[in-house]
**Q** 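Pasting a structure below so you can have a look.
Residues take their numbers from the sequence shown, with the count starting at 1.
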Amino acid sequence: MLESLHISNYALIDAITIEFQPGFNIITGETGAGKSIILGALSLLLGGRADMRSIRNDSSKSVIEAVFRVGDNASLRAFCLENDIEWDDKTLIMRRELSPSGRSRSFINDSPVNLTAMQQVGSRLVDIHSQHQNQLLAGEEFQMKIIDAIADNDQRLEAYSQLYNNFRKAMAAFKQTKAALMRDRDNADFMEFQIGQLEAVDLKEGEYAQLQADLETATEQTELRSYIEEAADALSEGKTNILSLLSRVDQACSEIESLLPEEDNIAARLEQVTVELTDISETIDSLRSGLASSSSVDDLDYIEHRLDAINTLMRKHNVDTPEQLIALRESLQSRLDNLADAENILNDLEAQARQARKKAMEAAREISDARKDAAEKFATLLTETAVPLGMSNLRCEIAVEKADMSATGIDTIEFRFAFNKNQQPTAIAGSASGGEISRLMLSIKSMVADMFSLPTIIFDEVDTGVSGDIASRMGRMMAHLAEGIQVITITHLPQVASRGSAHYKVFKEDDDHSTHTRIIRLDREGRIAELALMLSGNPNSEAARANAAALLGDADSEK
């Protein structure tokens with residue numbers, strides 16, 4: 001239930017806190033006093049759209065906060081834990097902050113959340129019913145939801161939903177495969193041509209990476225070979241090389257041996273250098289021979305040609321990896337193979353889809369049978385509940401008619417009403433007045449509120465357009481509903497207001513600077529004065545006060 005609601009810096013409200021009670025809570029006040037402002041603030045908490053113009057003082061933020069007593073609410077607990085929202089088994093706090101800058105922030109138990117989470121949580125805590133919501137009565141989704149609740153179809157619908165999804169997947173697989181086979185049949189020649197190209201290259205798993213590694217090795221060794229050749233050329237093989245030049249030096253020196261100082265031993269030193277360089281030349285030549293015969297050295301031209309062929313195919317088929325090229329080859333071959341067995345493949349998929357549809361249809365028929373039984377019972381019960389609310393000629397029919405299979409089953413549901421004698425029941429849209437629709441909705445909510453497990457229901461002037469005995473009966477209906485859940489009703493009718501167990505008055509108060517919305521909880525004397533004001537416009541009228549006291553006495557005697 002809603003324990004408290006705090007609103008600050010919002011529209012005409014500077015700061016108010018309302019402590020609600022279990023049972024039947026009444027809110028009254030003159031038109032324009034601010035009742036709709038309070039309801040609008042609560043709607044923001046439940047994920048409504050924010051209007052920054054509602055911020056009263058643009059120097060500070062607007063805050064709306066509600067405290068709910070949650071108790072054993074398994075659905076709400078599961079949602080909070082799944083969405084990383086702090087959970088307390090006793091209370092849940094929802095807060096919405098609007099800043100003058102236009103920013104809106106939302107919190108549940110101090111955990112920041114988005115508006116979707118606020119809506120999801122709010123829908124499990126509060127149902128706000130206003131005259132605007134009466135249009136829901138004409139909606140097929142709402143009507144089906146009511147009948148399914150009466151039929152206790154939750155588990156049936158859950159099982160059917162899985163079967164229906166299985167059927168849709170099976171049908172999609174059949175249709176997609178059929179379309180793919182038709183395309184492949186038309187493109188068979190081109191697919192064979194592509195396979196031919198791919199098989200010509202005959203790419204193996206892991207080959208591309210090995211080719212890249214071999215290319216790197218071959219490139220490195222080609223570079224090394226060029227250095228070895230350059231060294232060999234300079235030492236002994238070039239047209240002008242070091243050893244041949246040394247030989248010329250040695251010959252020249254032998255001709256001038258008599259001129260060379262004996263102690264310099266030029267000839268011996270030249271011989272020593274020649275021997276050393278010859279040995280280096282032989283070592284380099286040995287390296288060249290070893291590099292040329294090494295098994296790790298591949299033909300660079302072959303590797304580059306092979307890689308170029310693979311890369312060309314990758315670009316042509318718009319793939320990023322060689323593995324995708326191999327997978328494409330296998331896929332194309334598999335698709336061609338499937339063409340030869342297309343009839344059997346399609347027959348198997350069609351059989352699976354038929355079987356899935358059969359199972360879904362069986363579940364849908366079970367739901368439909370339950371709906372038909374529930375519709376008949378609901379029509380009778382709704383008539384019995386609504387007739388005392390001033391609709392003595394009301395006739396109600398709930399039509400459950402066959403429809404194509406869909407996510408909701410194989411039915412369409414339509415509520416049909418007749419409000420006058422000799423009138424055939426017709427769809428609610430256009431056949432009922434606003435007051436009649438309000439009374440029908442009140443009757444429906446009183447019948448199914450406990451089925452939807454809503455801790456709190458709020459009625460916003462749903463009693464507009466009624467008076468006298470009908471108003472009394474509507475008040476008693478709301479009071480009876482409040483025996484099982486918390487009911488908060490905004491009303492202008494004393495017959496309804498007198499039934500509440502807690503009564504709050506909304507009023508405006510002026511100071512030197514502005515107008516403020518206030519709210520107080522009325523004691524018994526205050527309730528008598530408020531009811532007298534609602535009855536006669538004069539809270540001090542003795543007759544009105546006596547009538548007000550009588551209304552309260554009658555309400556007390558019926559509790």
**Q** Apply side-chain contact (heavy atoms from CB on, under 4.5 Å) to the pair Lys90 and Val70, showing each step before the final yes or no.
**A** CA-CA 6 Å; Lys90 294 181 179 179; Val70 290; 5.9 Å; no
**Q** Please check if the side chain of Asn9 supplies one atom and the backbone of Ser60 the other of a donor-acceptor pair under 3.5 Å.
**A**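 Between the backbone of Ser60 and the side chain of Asn9 there is a qualifying donor-acceptor contact (under 3.5 Å).
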**Q** Applying side-chain hydrogen bond (donor to acceptor under 3.5 Å, both in side chains) between Thr28 and each of Lys35, His492, His503, report the one that passes.
**A**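 Option passing the side-chain hydrogen bond (donor to acceptor under 3.5 Å, both in side chains) with Thr28: His503.
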**Q** Please say whether more than 12 non-hydrogen atoms of neighbouring residues, nucleotides or ligands are located less than 6.0 Å from CD in Glu86.
**A** no
**Q** Looking only at side chains, do Gln352 and Asp348 share a donor and an acceptor under 3.5 Å apart?
**A**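 Absent: no donor and acceptor within the cut-off.
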**Q** For Asn83 and Phe79, indicate whether the former's side chain and the latter's backbone hold a donor-acceptor pair under 3.5 Å.
**A**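 Yes; judged by distance alone, with no hydrogens or angles, the pair exists.
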**Q** Is any side-chain heavy atom of Ile147 closer than 4.5 Å to one of Phe378?
**A** yes
**Q** Are the charged groups of Arg518 and Asp14 less than 4.0 angstrom apart, N to O?
**A** yes
**Q** Give a yes-or-no answer on whether the side chains of Ser536 and Asn538 include a donor-acceptor pair shorter than 3.5 Å.
**A** no
**Q** Is any side-chain N of the basic residue among Asp556 and Arg524 closer than 4.0 Å to the acidic one's carboxylate O?
**A**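 The answer is yes: the pair qualifies as a salt bridge.
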**Q** Do Ser498 and Asp554 touch side chain to side chain, with heavy atoms closer than 4.5 Å?
**A** no
**Q** Salt-bridged, Glu350 to Arg354, with N to O below 4.0 Å?
**A**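 Yes.
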**Q** Rounded at 0.5 Å granularity, tell me how far CZ in Arg77 sits from CH2 in Trp87.
**A** 7.5 Å
**Q** State, yes or no, whether a side-chain contact exists between Lys402 and Asp411 at a heavy-atom distance under 4.5 Å.
**A**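 A side-chain contact is absent here, since even the closest heavy-atom pair is not under 4.5 Å.
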**Q** When you measure from the side chain of Glu3 to the backbone of Val67, do you find a donor-acceptor pair of N or O atoms at a distance under 3.5 Å?
**A**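 Pair absent, no side-chain N/O of Glu3 close to backbone of Val67.
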**Q** Considering residues, nucleotides and ligands other than Asn318, do more than 12 of their heavy atoms fall under 6.0 Å from its CG?
**A** no
**Q** Could you report the tightest heavy-atom contact between Ile55 and Ser62, atom names first, then the distance?
**A** CG1-CB, 4.1 Å
**Q** Are a donor atom and an acceptor atom from the side chains of Arg56 and Ser8 found within less than 3.5 Å of each other?
**A** no
**Q** Considering non-hydrogen atoms only, spot the tightest contact between Asn109 and Asp88 and give its length.
**A**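 Distance-wise, the nearest heavy atoms are ND2-N, 4.1 Å.
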**Q** Do the side chains of Lys445 and Asp127 get close enough for a salt bridge, i.e. N-O under 4.0 angstrom?
**A** yes
**Q** Quick test of your reading of the model: are Arg416 and Glu401 salt-bridged, counting only N-O distances below 4.0 Å?
**A**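 Looking at Glu401 together with Arg416, the answer is yes, because their closest N to O distance falls below 4.0 Å.
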**Q** Under 3.5 Å, side chain of Gln423 to main-chain N/O of Asn420, donor-acceptor pair present?
**A**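 A pair under 3.5 Å: yes.
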**Q** Return the orientation label for the Tyr164 and Phe167 ring planes: parallel under 30°, perpendicular over 60°, tilted otherwise.
**A** tilted
**Q** Might you point out which heavy atoms bring Ala50 and Leu44 nearest each other, and give the distance in Å?
**A** CA-CD2, 3.6 Å
**Q** Should the pair Asp469-Arg473 be classified as a salt bridge under the 4.0 Å nitrogen-to-oxygen rule?
**A**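 Salt bridge: yes.
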**Q** Can you confirm whether Leu381 sits close enough to Lys377 that some side-chain heavy atom of one is under 4.5 Å from a side-chain heavy atom of the other?
**A**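 Not in contact.
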**Q** State plainly whether the residues Glu97 and Arg95 are in salt-bridge range, i.e. N to O under 4.0 Å.
**A** yes
**Q** In the structure I gave you, are the side-chain heavy atoms of Tyr504 and Ile520 within less than 4.5 Å of one another anywhere?
**A**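 The answer is no, as the side chains (C-beta and beyond) never meet within the 4.5 Å cut-off.
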**Q** Ignoring hydrogens and geometry, is there a side-chain-to-backbone donor-acceptor pair from Glu530 to Gly526 under 3.5 Å?
**A** no
**Q** Do Met361 and Met405 have side chains that approach each other closer than 4.5 Å (heavy atoms only, starting at C-beta)?
**A** yes
**Q** Going by an N to O cut-off under 4.0 Å, is there a salt bridge joining Asp148 and Arg371?
**A**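 A salt bridge links Asp148 with Arg371.
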**Q** Of all heavy-atom pairs between Leu535 and Pro494, which one has the smallest distance, and what is that distance?
**A**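 Scanning both residues completely, I find the closest heavy atoms to be CD2-CG, 3.5 Å.
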**Q** Would one find more than 12 heavy atoms of other residues, nucleotides or ligands at under 6.0 Å from atom CD of Gln119?
**A** yes
**Q** Between Arg96 and Leu46, is there a donor-acceptor pair closer than 3.5 Å when you use the side chain of the first and the backbone of the second?
**A**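 Pair absent, no side-chain N/O of Arg96 close to backbone of Leu46.
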**Q** Is Glu362 atom CD crowded by more than 12 heavy atoms from other residues, nucleotides or ligands, each under 6.0 Å away?
**A**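 Counting other residues, nucleotides and ligands, CD of Glu362 exceeds 12 neighbours.
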